[in-house]
Structure formats: C-alpha cells, structure tokens
Trainee: 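Dropping a structure here in structure tokens format, bear with me for questions.
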Protein chains: 4
Amino acid sequence: MAEKPVPDASRRSEASRRAIHDAALALVAEVGYPRTTVEGIAARAGVGKQTIYRWWSSKADVLLEAFLDLGERAAREAGQRPDALPDTGDLAADLKLVLRATVDELHDPRFEAPARALAAEGLVNPRLGAEFVAGLLEPQLGLYARRLRSAQEAGAVRPDVDPRIALELFLSPLAQRWLQRTGPITYAYTDTLVDYALHGLAPR
Amino acid sequence: MAEKPVPDASRRSEASRRAIHDAALALVAEVGYPRTTVEGIAARAGVGKQTIYRWWSSKADVLLEAFLDLGERAAREAGQRPDALPDTGDLAADLKLVLRATVDELHDPRFEAPARALAAEGLVNPRLGAEFVAGLLEPQLGLYARRLRSAQEAGAVRPDVDPRIALELFLSPLAQRWLQRTGPITYAYTDTLVDYALHGLAPR
Amino acid sequence: MAEKPVPDASRRSEASRRAIHDAALALVAEVGYPRTTVEGIAARAGVGKQTIYRWWSSKADVLLEAFLDLGERAAREAGQRPDALPDTGDLAADLKLVLRATVDELHDPRFEAPARALAAEGLVNPRLGAEFVAGLLEPQLGLYARRLRSAQEAGAVRPDVDPRIALELFLSPLAQRWLQRTGPITYAYTDTLVDYALHGLAPR
Amino acid sequence: MAEKPVPDASRRSEASRRAIHDAALALVAEVGYPRTTVEGIAARAGVGKQTIYRWWSSKADVLLEAFLDLGERAAREAGQRPDALPDTGDLAADLKLVLRATVDELHDPRFEAPARALAAEGLVNPRLGAEFVAGLLEPQLGLYARRLRSAQEAGAVRPDVDPRIALELFLSPLAQRWLQRTGPITYAYTDTLVDYALHGLAPR
DNA sequence: CCTTAAGCGAGACGGTACGTCGTGTCTTGGC
DNA sequence: GCCAAGACACGACGTACCGTCTCGCTTAAGG
C-alpha cells in the first residue's frame, strides 16, 4: 500500500491559495464551469499545476473551497454574520423577509455560476455533494429549524411538526426553481410559499 | 455561411439507434456518467463515432434520449401508461399512494444513475436542462396540477391556491432529498410531506 | 497481457510523416537535441502529439528515421548512390579520396547535430544504438570491407588480414576524433591514417 | 550584474560529497543514466537538493566527478598507480599486455554504466566532453604516447611517425567497439589490432 | 561563551515536458 | 449516402523533475 506523502501544510503558501481561489471563481464566472480547467486556473493564478494538485484533488474541490471562503469573507465584511434568523414573533413575516433576501442573492451573478456548478457536481459526486451540503446548506437549514422551534414554543406552529421537514416545504421549492429553472424566482413566489406552507392547502 | 448538411433521417439505422441507447445506459450505470465517453458508447454499441455525432450533439443528448425512450418502453410494457393520477376523492390518500410509488422508483438503480447525471448536466447546461424538464418533469407536474384542480372543484383544496405552486410543496422536498442526498427517502417521509402540505404548519 | 492496438499503416498520413521528419531535423539543428521536445516537433510540424506517439516510441526514434530518410533523399538527389568505393588499383589513393569526402561531410552542420545526437543516444540505449549501427554504419563499413578484399586479391594487402578489423584502423580514429572532439579533422589527418594503417608503424 | 555568491568550500560537508558520489554511481548502475535524477540522487544520499546544486551544475557533473573519484580510489587501493606503461623493450608485447587489462576493465559492470553515460553526454555537451577527455582520456593517451616515443628511440617505430596519431590506430577501434557495440571485445581482437597497427596491412 | 552566519535536510514553489485520453472532424472502403 | 473503423489536430489531464526559494537546525569561527 503506497502511502501518498502528505504535504507539510505549515509551509503552504497563503498567497498561492488565495490566487488559486480567485482564479477559480473568476474563470467559472467568465467561461463557465465545464470550460474552466485546472491548467487554466494555474495559469491565471500564476502558479504551477502541481501546487494545485498538491492541495486539492480536483477542480471541483478547488471551487468548493474557494466558494466557501468567498462566503465567509463576504459575511465577515458585511458586518456580523447573523447567527440566527430574525424573530419578531411574527413567523410568516420573518420568513418572508429572509427569503426575499435569498431571492436577491440567487440573482447575484457572482454567486450563480459557482453555486450552480457545485450543486451539479455534487449530484454526481457523492463526496463533494456531502461537503457541499455540510459546508453550505446545513448551517442555513439549522437556522430555519431553530426559528421554527421557537415558533413552536410560541404556539405559532403545531407542536407535533418536525422542523427539519417543515422547512423543506418552502426552501426546497425555491431551491428547485432556481437550480432547475422551472419557474421565476420572485418575492411574490416566496411569499406564497410561506403562506401555503404555514396554513396548508386544505380549507380551514 | 455553409449550412451543415442535415442527414437524411429516413435512411437512419434503427438498430444503431437502439444499440447506442443501450450502450449509453449500460455505461452510465456501470462506470458513472463522467467516465462514460462517446468513444466508449460507440465501441460498446459496435458503431462508428460519426454515427453518434451525426444524430446527437453530445453524450448528454444521447443519454437524455435513451432515458426518455427507456421510460416510454418501461411504461408501455408495464401495462397502460396512466395519463392521470388516481382520483378516489381522498386527495391525501391519492397523493400518498403515488408518492410511495415514486419512492420505489427513486430507489431503482437502473433509474438512479442516468437520472442523476441528466439532472446534474441540466443544472449547468440550460438547453439540456430545459429539455429534461420539458420531457420528463413537466408531464408529471401536469398530472399533479390536474389532480389538485379536481380537488379544488371538490372543495378539498382552497380555491385561491395556485396548483402549480402547491404541488411543489411536496414534490420539491422529495426531489431535493433525492438529488442532494440530504435525507432518507421513505414512505413515512412522503406521507408526512403530504400531510404538512395539505394542512399547513400552523395550528388550526 | 494487454496488447497495444497496432495502428493501420495503410491509413497513415504521408504528409504528417514528412512534416515530422523535417520538424525534428530543423529543431535539432536549431536548438540542439536535449532541448528538442516531442511537443515542439508536433507544434512545428502542425501535428498532434498523438500522431507522433502513434508511429514512434520516442524522439530518438523519430530523429533516427528522419536522419536515415534524409540520407536516402540526399543520396538519391545527388545522383546515383555509389554502391561501391572507387577502385583504381591504387588502394591508398582510393581510401584517401573517400575519406576526404567524409571529412567534408563531417563538417556539414546539417549533418553534425543529428548525427552526434543519435550517436550519443545510441551509446546509452542499446536498441537505438543497434538500429543506428545497422542502418547507417554497417552499409558503409561493408563498402570498405569489399574494397579491402579486392585489394587482397590484387596483392596490395596481406592475405591473412581480416578486412573487418583492418578498416577500423583508419575509420575508428576518424570517428572518435569527430565524436569526442579529441583533435582536428583534416585531409592531412586522414591521409596520415591511411598511410600508417597500410604500412604500419614499425620500420620496414 | 549580480555575481552568484560563491559558496565557502572550507565549510563543505565531506560526508555529503561522498554520499552524493555513491548515490549517483549506484543509481546509474541500477536504473541507468536517463532515469537517474538529481532528486533521486539527493533522496538516496539523504541530502537536500540544494546541496547538490550548490556544488555541481548538473547530474552529468556530479557523475563525472564521482566517476573520476572512483577511478582514483580504485587506483589507490589497487596498489601503485602506474604512471607509465611497462617497457620491456618489446613494444608489441607491452601493448598487448596493457590492452588485455583494458579489455578486462571494459567488461566490469561497475565501470560500464557510468563510463558509457558520460561518454554519451560528452558527445552532446562540449563542456562536459572536454572535461571527460581531459580528466580521463588524455592522461591515458599520454602514457601511450610516451611509450611510443621510447620505442622510436629504440628504433622499433619509424622516427617520422606521430605518436599521438599512431596510438589511435589501436585505441580508437577498441573504444568504438565498446561504445557502439559494433563487435566483440576480446584479447584476440586487441592482439590483432596491435599487430596490424605495428606492421601495417600492406605486405612487406 | 556566545553570537552569527554559513552549510545543511527538507520540501514547497513556478515551470516545462511528459505520455495518455477524449473530443469532434475527416477519410476510406464496404454495402 | 449511411455506416464501421479509425487517423487526425487539438486540448486537457495528472505526473515527474527541473532549478530556485524559503524554512529551521546544526555547527564552526570570531568577537
């Protein structure tokens, strides 16, 4: 069993890491994911190919890390990262507010290309899919689950409802519309989703 | 501008078409979509590469057609193609029944590899995504929309509800769980989705 | 045992073959053998790398074939290929004449770079060395051996002398001076070699 | 113009130098010259790459020094270094004796791989070729020249013969046979060379 | 004795070339 | 004129070494 020698992370060049992140994101935005190549990233970053292969196992890996890093940086510079959803007591209003912000984000082209590419890659590559979900999706879902639990305590949501499933009622439709382009993404749409999810389809 | 000469479809070899379909599906199932190549399909089908490029524009195209064809053949041999969802008058029961069948289908390995691959390709390639949605998703969604409209007429669903949005409440979560592997796909899960979607999360 | 599929030689592109020969010779002459690369030859010849690897196994192989081909073409266009050394009856004069022509050839820069490179490669790579000897050296040596045998019949060379060894007395020193740059290559030098070889070093 | 700082030879690690020599010779013997790499030598010697590049300019340089060093060590431990050829008065016998020893040496595998590699490299790289000739060949040739001059004084060789050329008559054929593998290397062969060279090919 | 500057092992780095694989086009010969 | 076969130009892959560049760590000399 030939062990592949683990590189010494303490000697890693931070400058190269950043340059590679930036090059990967720029290329995906400019020419699209399939025409982004490891060779192209290396050339754009002014870096040898081996430096990429030393630290990542594929272009998908590079892009995932770059994207997560971008998210963190964006969050940090956009002031405090909200570690919780707003909780005014009005669940519907709170959810609509947050989802409208999400709608705006989904329309941001800097976000779109890499996110879509990573989602696609994740469908076919389970390892990457798991990392994508764990690093990006899961933290968000947690916030929604917490807000729903709070609403349960306040009596605004039935106590027998499972928050982890409940949140899918309005989040999954939005995600699918965006990913699969099955319909327009508007404030009206997300508002409607919240209303339907909270009060159901059957008449009261 | 030299038009690319359109091949004469009437002289097309049906045997080759079938062989290519079968080879594509087999290879995707055996080695996965990324390692399936046009060359490999041609070799497996005992066909020249040009025969593939004459009639399709990419391996994704081949696979999409093969998959749709497979669906049709499966439907035909599985008796009548249901051109409508069951309508016993009990909306919840009908939906649960159909979704349970879908759960079974999603666990079928012959279905899984190509479907996932096509979905992934569709995320990144809008043209293919549109064909995928139009050819596969849309017909299904139409059936659900029809069933919901029937329920509205029967008074089982609020008249102001938009069926095209309503159906997303239980279908999108299922689709996303399957595609992104964010959770288990069980009868209990789909049953729960139907219940939540129909009656909402807020207490009555 | 995985057989490598033998390419179909009847479909081979003659134009590519020539272009590759020319590119290889030009590059070796211009930048030297070590800085000549397969990639460079392919680019210069306007050819894909695979086309080189399909028909040759290394850059040394390409160069050897190109060089032999060049020799044949040069011979053909320089009128009849002499299939024998001159035989005027005066062995010393005949040898001196031919060796002076060889001296001229060894000073031809188009000849020098590839010949030296191939000789060097042949020292280290037995297979190539054998081909080099068989294709280039051996035919020449044969001519000298024949001339010596003729001289033996005429009584100008002792009958017990082995011509295959005898010819080395004047050819090997010339070859070595040229290859290892151990001394100047002049008419006077080759004349001297012939004299020494024919009459020996010991006084008569 | 920034001069490259000359390293301080007085602080040089003798142990590393020896380890590098040994590693170079061992690798050339084991895997051949082309597959011997600076990195490989460093790893085998337990030495940093920079230590090699600090003191040598190429792997050929390393090997040349290692080989010369090996020769000196071998000479020293094999008793006295003969700084002259034997001179019994019988030139033919003396030459045959020495050449038979050379034949033995040429068959020694420890000698073969590096010597051949260095000769090959020297063909293509004039600087190294010159060092190879000056360091290895020239001293040997000088001994033969001296012996021939002594024979001239004794009247055993014609006085008008140039010893530097004369020695090539029997040394170059041997060298070429060995380097280019154009024939077997035997005592009989070298004996014959001496006879032919001394007495010539023409009848007396 | 203690600094201090060199050589040193180690190995990451920007590069170049390798030899292989797959793409989509083109050509040949068979039907 | 479609087809099987496969050569071709091209482009990217992932690997191997190159020669340079830091890193800490001995390890003398010289103050």
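Proteins come first, then strands; the chains are lettered A, B, ... in the order of their sequence lines, and each starts at number 1.
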Trainee: Here's a test of your reading of the structure: between A:Gly48 and D:Glu14, which maps to the more 5' nucleotide of DNA chain E?
Mentor: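 The residue closer to the strand's 5' end, by nearest nucleotide, is D:Glu14.
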
Trainee: Reading nucleotides 25-31 of chain F 5' to 3', which nucleotides get B (base under 4.0 Å from a protein heavy atom), which S (sugar-phosphate only), which -?
Mentor: --BB---

Trainee: Looking at the side chain of D:Tyr53, which of F:dC18, F:dC3, E:dC8 is the nearest nucleotide?
Mentor: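 Of the options given, the side chain of D:Tyr53 lies nearest F:dC18.
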
Trainee: Quick one, B:Arg17 and B:Asp69 - any side-chain contact, counting heavy atoms below 4.5 Å?
Mentor: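 The answer is yes, as the side chains (C-beta and beyond) meet within the 4.5 Å cut-off.
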
Trainee: In terms of side-chain heavy atoms of B:Ser16, which of F:dC3, F:dG19, F:dA7 is nearest?
Mentor: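 Selected nucleotide (nearest to the side chain): F:dC3.
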
Trainee: Starting from the 5' end of DNA chain F, give me the residue, B:Ala42 or A:Arg35, whose nearest nucleotide shows up first.
Mentor: B:Ala42

Trainee: If you check every side-chain atom of A:Glu39, which of F:dC17, F:dA12, E:dA12 has the closest atom?
Mentor: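 Closest of the options to the side chain of A:Glu39: F:dA12.
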
Trainee: Centroid-to-centroid, B:Phe67 to B:Phe132, below 6.0 Å?
Mentor: no

Trainee: Nearest to the side chain of B:Lys49 - E:dC13, E:dG7, F:dA7?
Mentor: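 Of the options given, the side chain of B:Lys49 lies nearest F:dA7.
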
Trainee: For a side-chain contact (heavy atoms from CB on, under 4.5 Å) check, start with the C-alpha distance between C:Thr51 and C:Ile20, then their side-chain angles and the critical distance, and finish with the verdict.
Mentor: CA-CA 9 Å; C:Thr51 298; C:Ile20 290 166; 4.3 Å; yes

Trainee: Please determine, for the side chain of C:Trp55, which listed nucleotide (F:dC8, F:dC3, F:dC18) has the closest atom?
Mentor: F:dC8

Trainee: Roughly how many Å is it from CD1 in A:Ile52 to C1' in E:dT16, rounded to a whole number?
Mentor: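 It works out to 16 Å between those atoms.
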
Trainee: Would you call C:Glu121 and C:Tyr33 a side-chain contact if the rule is heavy atoms closer than 4.5 Å?
Mentor: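 Yes, close enough: below the 4.5 Å cut-off.
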
Trainee: Name the closest nucleotide to the A:Gln50 side chain, picking from E:dG15, F:dC8, E:dT20.
Mentor: E:dG15

Trainee: Among A:Leu63, A:Leu64, A:Val62, whose side chain to side chain contact (heavy atoms under 4.5 Å, CB included) with A:Trp56 holds?
Mentor: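 By the side chain to side chain contact (heavy atoms under 4.5 Å, CB included) criterion, A:Trp56 pairs with just one of A:Leu63, A:Leu64, A:Val62: A:Val62.
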
Trainee: Between E:dG15 atom C1' and A:Ile41 atom CD1, what is the distance in whole Å?
Mentor: 17 Å

Trainee: Measure the distance from CD1 on A:Ile20 to C1' on E:dG15 and round it to the nearest whole Å.
Mentor: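 One finds 14 Å between C1' of E:dG15 and CD1 of A:Ile20, rounded.
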
Trainee: Under 4.5 Å between any side-chain heavy atoms of A:Gln180 and B:Leu179, yes or no?
Mentor: yes

Trainee: Just checking A:Gly40: base, sugar-phosphate only, or nothing, at a heavy-atom cut-off of under 4.0 Å?
Mentor: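 Nothing, no nucleic acid heavy atom in range.
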
Trainee: Charged N to carboxylate O under 4.0 angstrom, D:Arg44 versus D:Asp22?
Mentor: no

Trainee: For A:Ser58 and for D:Val38, locate the closest nucleotide of DNA chain F by heavy-atom distance; then report the residue assigned to the nucleotide nearer the 5' terminus.
Mentor: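 Final value for this comparison: A:Ser58.
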
Trainee: Do C:Asp61 and C:Arg127 sit within salt-bridge range, that is, some charged N less than 4.0 Å from a carboxylate O?
Mentor: yes

Trainee: Could you tell me whether B:Arg54 contacts a base, only the sugar-phosphate backbone, or nothing, with contacts defined as non-hydrogen atoms closer than 4.0 Å?
Mentor: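 The answer is base, as B:Arg54 lies within the cut-off (heavy atoms under 4.0 Å) of a base atom.
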
Trainee: Rounded to whole Å, how long is the line connecting atom NZ of D:Lys59 with atom P of F:dG19?
Mentor: 10 Å

Trainee: Rounded to the nearest angstrom, tell me the gap between atom CG in A:Leu27 and atom P in F:dA12.
Mentor: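 That distance rounds to 11 Å.
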
Trainee: Is the phosphate of E:dG14, meaning OP1 or OP2, less than 4.0 Å from a side-chain N or O of A:Thr51?
Mentor: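 So the side-chain polar atoms of A:Thr51 do come within 4.0 Å of the phosphate oxygens OP1 or OP2 of E:dG14, strictly under.
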
Trainee: Looking for any heavy atom pair under 4.0 Å, which part of the strands does B:Trp56 touch: base, sugar-phosphate only, or nothing?
Mentor: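 No contact at all - B:Trp56 keeps every heavy atom at 4.0 Å or more from the nucleic acid.
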
Trainee: Just the rounded figure in Å: distance from C1' of E:dA10 to CZ of A:Arg12.
Mentor: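 Rounded to whole Å, this separation is 19 Å.
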
